[in-house]
Amino acid sequence: MTPLPRSFYDRDPRVVAPELLGKLLARDDGRSARIVEVEAYAGAEDAAAHSYRGPTPRTAVMFGPPGHLYVYFTYGMHWCANAVCGPAGEGWGVLLRAAEPVAGLEAMRAARPAARSDRDLCRGPARLAQAFDIDGTHGGADLVEGSPLRILDDGTPPPATPAAGPRIGISRAAEAPWRWWIPGNRFVSR
DNA sequence: GGTAAGATCAGC
DNA sequence: CTGATCTTACCA
């Protein structure tokens, strides 16, 4: 159970994303969930990325050092979380789209009263953020040390053959197959 | 200064 | 399928 080191994140998000499958998102209060679905966003070469047109106040964290959390607010009500990747300045990141709850389910249920079953606790990027009580205050949180949030390696390897396909909910660069998930996993959002 | 679209979700 | 709800970024 060791936190992923900074070097893990310091690579292209299209390499990092599939390797994040099977890792554990964890909070210092005991909540943890196994990551089963992710999407890569590739900065200046990716028209679907928030960072596509360069840094803005909102996306500043994406252009900072890797291994930090880029949290954004969307649709007037939802927070979503990304792991910043690559060298500072690239604007690369991996959106955490879905996870399988492992521990601290009580706290997740309390954070997500709308969830109809445990399957829905972390099934979708905004649900995942809500289950972990992630919001704007966690923008820039260090996933390696010094914040309540971590991504841990418990020895579970990523799938040998992850499923891949187009990303969800975007209109530009909609063809790029930069979404990865654990094949057959029931906690994947789609 | 106005406006359109948005890396979504829940309920009908 | 649609309404909710509001921030950001882009354009005039």
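Below, chains carry the letters A, B, ... as their sequence lines are ordered, and counting in each starts from 1.
- No option in A:Asp154, A:Leu152, A:Leu4, A:Leu96 other than A:Leu4 meets the side-chain contact (heavy atoms from CB on, under 4.5 Å) test with A:Lys23.
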Full working for side chain to side chain contact (heavy atoms under 4.5 Å, CB included) between A:Arg190 and A:Arg179: CA-CA 11 Å; A:Arg190 279 183 215 188; A:Arg179 168 179 173 246; 3.9 Å; yes
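- Between the side chain of A:Arg172 and the main chain of A:Ala47, a donor-acceptor pair closer than 3.5 Å is present.
- A cation-pi arrangement is not found for A:Arg6 relative to A:Tyr9, the charged atom failing to lie both closer than 6.0 Å to the ring centre and inside a 45° cone about the ring normal.
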Where each pair must be Watson-Crick or G-U wobble with both distances under 3.5 Å, what dot-bracket representation of DNA chain B is obtained, with crossing pairs in [ ] and other-strand partners as |? ||||||.||||.
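- Within 4.0 Å (heavy atoms only), A:Tyr75 reaches at least one base atom of the nucleic acid.
- A salt bridge links A:Asp46 to A:Arg167: one of the charged nitrogens lies within less than 4.0 Å of a carboxylate oxygen.
- When DNA chain C is scanned 5' to 3' for any atom under 4.0 Å from a heavy atom of chain A, the first and last hits are C:dA4 to C:dC10.
- At a threshold of 4.5 Å between side-chain heavy atoms, the hydrophobic network of Ile, Leu, Val, Met, Phe, Trp and Tyr places A:Leu95 and A:Phe187 in two separate groups.
- Panel note: side chain A:Ser51, backbone A:Gly91; a donor-acceptor pair is recorded below 3.5 Å.
- Among the atoms of the strands shown, none is found under 4.0 Å from any heavy atom of A:Arg167.
- Judged by the 6.0 Å distance and 45° axis criteria, A:Arg14 is not positioned over the aromatic ring of A:Tyr41.
- A:Ile170 comes within 4.0 angstrom of the backbone, heavy atoms only, and of no base.
- Atom-to-atom, CD1 of A:Ile168 to P of B:dG6 comes out at 16 Å; the value is rounded to the nearest Å.
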Every protein N/O within reach of nucleotides 9-12 of chain B N/O, cut-off under 3.5 Å:
| from | atom 1 | to | atom 2 | distance (Å) |
| --- | --- | --- | --- | --- |
| B:dC9 | OP1 | A:Pro125 | N | 3.3 |
| B:dC9 | OP1 | A:Ala126 | N | 3.0 |
| B:dC9 | OP1 | A:Arg127 | N | 3.1 |
| B:dC9 | O4' | A:His78 | NE2 | 3.1 |
| B:dA10 | OP1 | A:Arg112 | NH1 | 2.9 |
| B:dA10 | OP1 | A:Arg112 | NH2 | 3.0 |
| B:dA10 | OP2 | A:Arg127 | NE | 2.7 |
| B:dA10 | OP2 | A:Arg127 | NH2 | 2.5 |

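- The nearest whole Å value for the distance from the CD1 atom in A:Ile134 to the C1' atom in B:dA7 is 15 Å.
- Using a cut-off of 4.0 Å between Lys/Arg side-chain N and Asp/Glu carboxylate O, A:Arg112 and A:Asp120 are scored as not salt-bridged.
- Salt bridge annotation for A:Asp133-A:Arg31: present, with a cationic side-chain nitrogen under 4.0 angstrom from a carboxylate oxygen.
- Within the 4.0 Å cut-off from OP1 or OP2 of B:dA5, not a single side-chain nitrogen or oxygen of A:Ser171 is found.
- In this structure, A:Glu37 does not pair ionically with A:Arg123, as no charged nitrogen and carboxylate oxygen lie closer than 4.0 Å.
- Separating the OH atom of A:Tyr52 from the C1' atom of B:dA7 is a distance of 16 Å, rounded to the nearest angstrom.
- In this entry the distance linking CZ of A:Arg53 with P of B:dA5 reads 14 Å, nearest Å.
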